[in-house]
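Reading through the structure tokens given below for one structure.
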Amino acid sequence: MEEELIAGKHSVAEALRAGRSINKIWIAEGAQQKQMQPILTEAKNRGVVVQTADKRKLDTLVPGIQHQGVVAQAAPYVYAEVEDLLAAAAAKDEDPFLIILDEIEDPHNLGSILRTADCTGVHGVIIPKRRSAQVNATVSKTSAGAAEYVPVARVTNLAQTMEKLKEAGVWIAGTDVRAEGEIYDTDVFKGPLALVIGNEGEGMGRLVREKCDVLIKLPMQGRINSLNASVAAGVVMYEVLRQRSGRK
């Protein structure tokens, strides 16, 4: 079975707390014991092997990632099914609140979106199997451990998935800079909702855009007419949370 590496204090700690299958943890030699104590305690409770290693080994294991002196070897990330996301909402007696990512390619953006999704009560995220960032060590690190709590479903065809969601009573709202209505004008946020965030450069693809029930945009008053994908997603997610909670 292939294995996956998780890096960073928060990511490793949350993976342990969430019950992720961890095979081994490496702690950098000279790492501050106080900062690592929660990980060491949880690892001991779960019987996970902890080894010390030279920082350069950790750098080699997860190149380019700020591992903060700790790397874990875990079982591969288990993707959910779309039905699981709807079931998660039903289990909480809540209207579904899903995020659909149309070819978000930067793993840092995916990680940031998962982090905000956890904070705003999103029941799950849907990504395509092709031309999309997948859940990996970079995503886990950027999400600060939220990747362990927000289920992610991978699908072959986003447009077909959107049709199935609509059949289940979910409204699809797409974010598009060319839309006429702004996020504060729509009344679909309070019910069953799937929010579509487009690719970092091109936005939503044509087929995905055509499947949306409503298109919305963020108001822009400066000279730059777009935001980073994860920032834009965060703004809209919090507007959904505001409307659903009845705040003014």
Side-chain angles (χ1 to χ4, degrees), residues 2-28 31-51 53 55 58-59 61-80 84-85 88-89 91-92 97-99 101 104-127 132-154 197 228-231 233-234 237-238 240-241:
E2 294 183 1
E3 293 168 331
E4 184 178 308
L5 296 175
I6 301 173
K9 295 193 294 289
H10 292 297
S11 298
V12 173
E14 295 303 337
L16 284 166
R17 294 190 188 107
R20 184 87 173 266
S21 179
I22 305 291
N23 302 321
K24 184 188 299 183
I25 296 175
W26 292 278
I27 302 288
Q32 294 186 14
Q33 192 78 4
K34 184 177 180 180
Q35 292 185 357
M36 296 297 174
Q37 194 56 53
I39 292 175
L40 294 171
T41 300
E42 192 68 31
K44 182 179 180 180
N45 291 339
R46 292 192 49 198
V48 177
V49 174
V50 178
Q51 296 180 348
K55 178 182 177 295
L58 303 191
D59 293 340
L61 287 171
V62 286
I65 298 177
Q66 295 294 324
H67 52 69
Q68 302 172 306
V70 57
V71 174
Q73 183 186 68
Y77 180 83
V78 178
Y79 289 93
D84 298 330
L85 313 187
K92 295 180 179 180
F97 179 16
L98 309 178
I99 304 296
L101 303 181
I104 293 293
E105 299 174 323
D106 187 341
H108 295 91
N109 278 336
L110 176 54
S112 296
I113 289 170
L114 288 176
R115 186 172 186 173
T116 308
D118 181 59
C119 294
T120 54
V122 170
H123 299 109
V125 173
I126 300 171
I127 63 175
S132 172
Q134 307 299 313
V135 180
N136 58 19
T138 300
V139 172
S140 180
K141 174 68 168 59
T142 309
S143 77
E148 301 297 330
Y149 299 109
V150 181
V152 178
R154 284 194 306 178
I197 306 296
N228 168 276
S230 63
V231 174
M237 280 188 269
Y238 266 100
V240 174
L241 176 62

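Residues take their numbers from the sequence shown, with the count starting at 1. Computation of the quantities below employed the complete heavy-atom set of this structure, encompassing side-chain atoms and omitting hydrogens, waters and symmetry-equivalent molecules.
- Between the Glu14 side chain and the Val12 main chain, no donor and acceptor come within less than 3.5 Å of each other.
- Looking at every heavy atom in both residues, Asp118 comes nearest to Ala146 through CB-CB, 3.9 Å.
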**Message:** Evaluate Gln73 against Leu5 for side-chain contact (heavy atoms from CB on, under 4.5 Å), listing each step before the verdict.
**Reply:** CA-CA 5 Å; Gln73 183 186 68; Leu5 296 175; 4.2 Å; yes
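- Considering Thr142, Ile127, Leu101 in turn, Leu101 is the only one that fulfils the side chain to side chain contact (heavy atoms under 4.5 Å, CB included) rule with Ile113.
- Contact detail for Met237 and Val122: the closest heavy-atom pair is SD-CG2, 3.8 Å.
- From Ile99, atom CD1 reaches atom CD1 of Ile104 across 11.0 Å, with rounding to the nearest 0.5 Å.
- The shortest non-hydrogen separation linking Asn23 to Ala75 is ND2-N, 4.4 Å.
- To the nearest 0.5 angstrom, Lys92 atom NZ is 12.0 Å from Phe97 atom CZ.
- Put simply, OG on Ser230 and CZ on Arg115 are 11.5 Å apart, with the number rounded to the nearest 0.5 Å.
- Within the 4.5 Å cutoff, the side chain of Val240 has no heavy atoms near those of the Thr120 side chain.
- For the pair Arg154 and Gln134, the minimum side-chain heavy-atom distance is below 4.5 Å.
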**Message:** Quick one, Tyr77 with Val152, criterion side-chain contact (heavy atoms from CB on, under 4.5 Å). Give me CA distance, side-chain angles, the key distance, then yes/no.
**Reply:** CA-CA 10 Å; Tyr77 180 83; Val152 178; 3.5 Å; yes
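- When all heavy atoms of Ile65 and Ala137 are compared, the closest pair comes out as CD1-CB, 3.7 Å.
- Taking CD1 from Ile39 and CD1 from Ile22, the interatomic distance works out to 10.0 Å, rounded to the nearest 0.5 Å.
- Here the side chain of His123 pairs no donor or acceptor atom with the backbone of Leu98 at under 3.5 angstrom.
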**Request:** Apply side-chain contact (heavy atoms from CB on, under 4.5 Å) to Val125 and Leu114, showing your working.
**Result:** CA-CA 8 Å; Val125 173; Leu114 288 176; 3.8 Å; yes
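- Side-chain contact between His67 and Asp59: present, with at least one pair of heavy atoms (C-beta onward) separated by less than 4.5 Å.
- Considering every non-hydrogen atom in both Ala133 and Leu110, the closest pair reads O-CD2, 3.6 Å.
- The shortest heavy-atom contact between Pro107 and Val139 is O-CG2, 3.4 Å.
- Under the 3.5 Å distance criterion, the side-chain polar atoms of Arg46 are matched with a main-chain donor or acceptor of Leu16.
- Of the inter-residue distances, the one linking Met36 atom CE with Thr41 atom OG1 reads 12.5 Å to the nearest 0.5 angstrom.
- Judged by distance alone, with hydrogens and angles left aside, the side-chain atoms of Tyr79 form a donor-acceptor pair with the main-chain N or O of Val135 at under 3.5 Å.
- Side chain of Ser11 to main chain of Ile6: no donor-acceptor pair is present (N/O by atom type, distance under 3.5 Å, no hydrogens or angles).
- The environment of Gln37 atom CD is dense: over 12 non-hydrogen atoms of other residues, nucleotides or ligands sit within 6.0 angstrom.
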**Prompt:** Can you check side-chain contact (heavy atoms from CB on, under 4.5 Å) on Gln68 and Lys141, steps first, answer last?
**Reply:** CA-CA 10 Å; Gln68 302 172 306; Lys141 174 68 168 59; 3.7 Å; yes
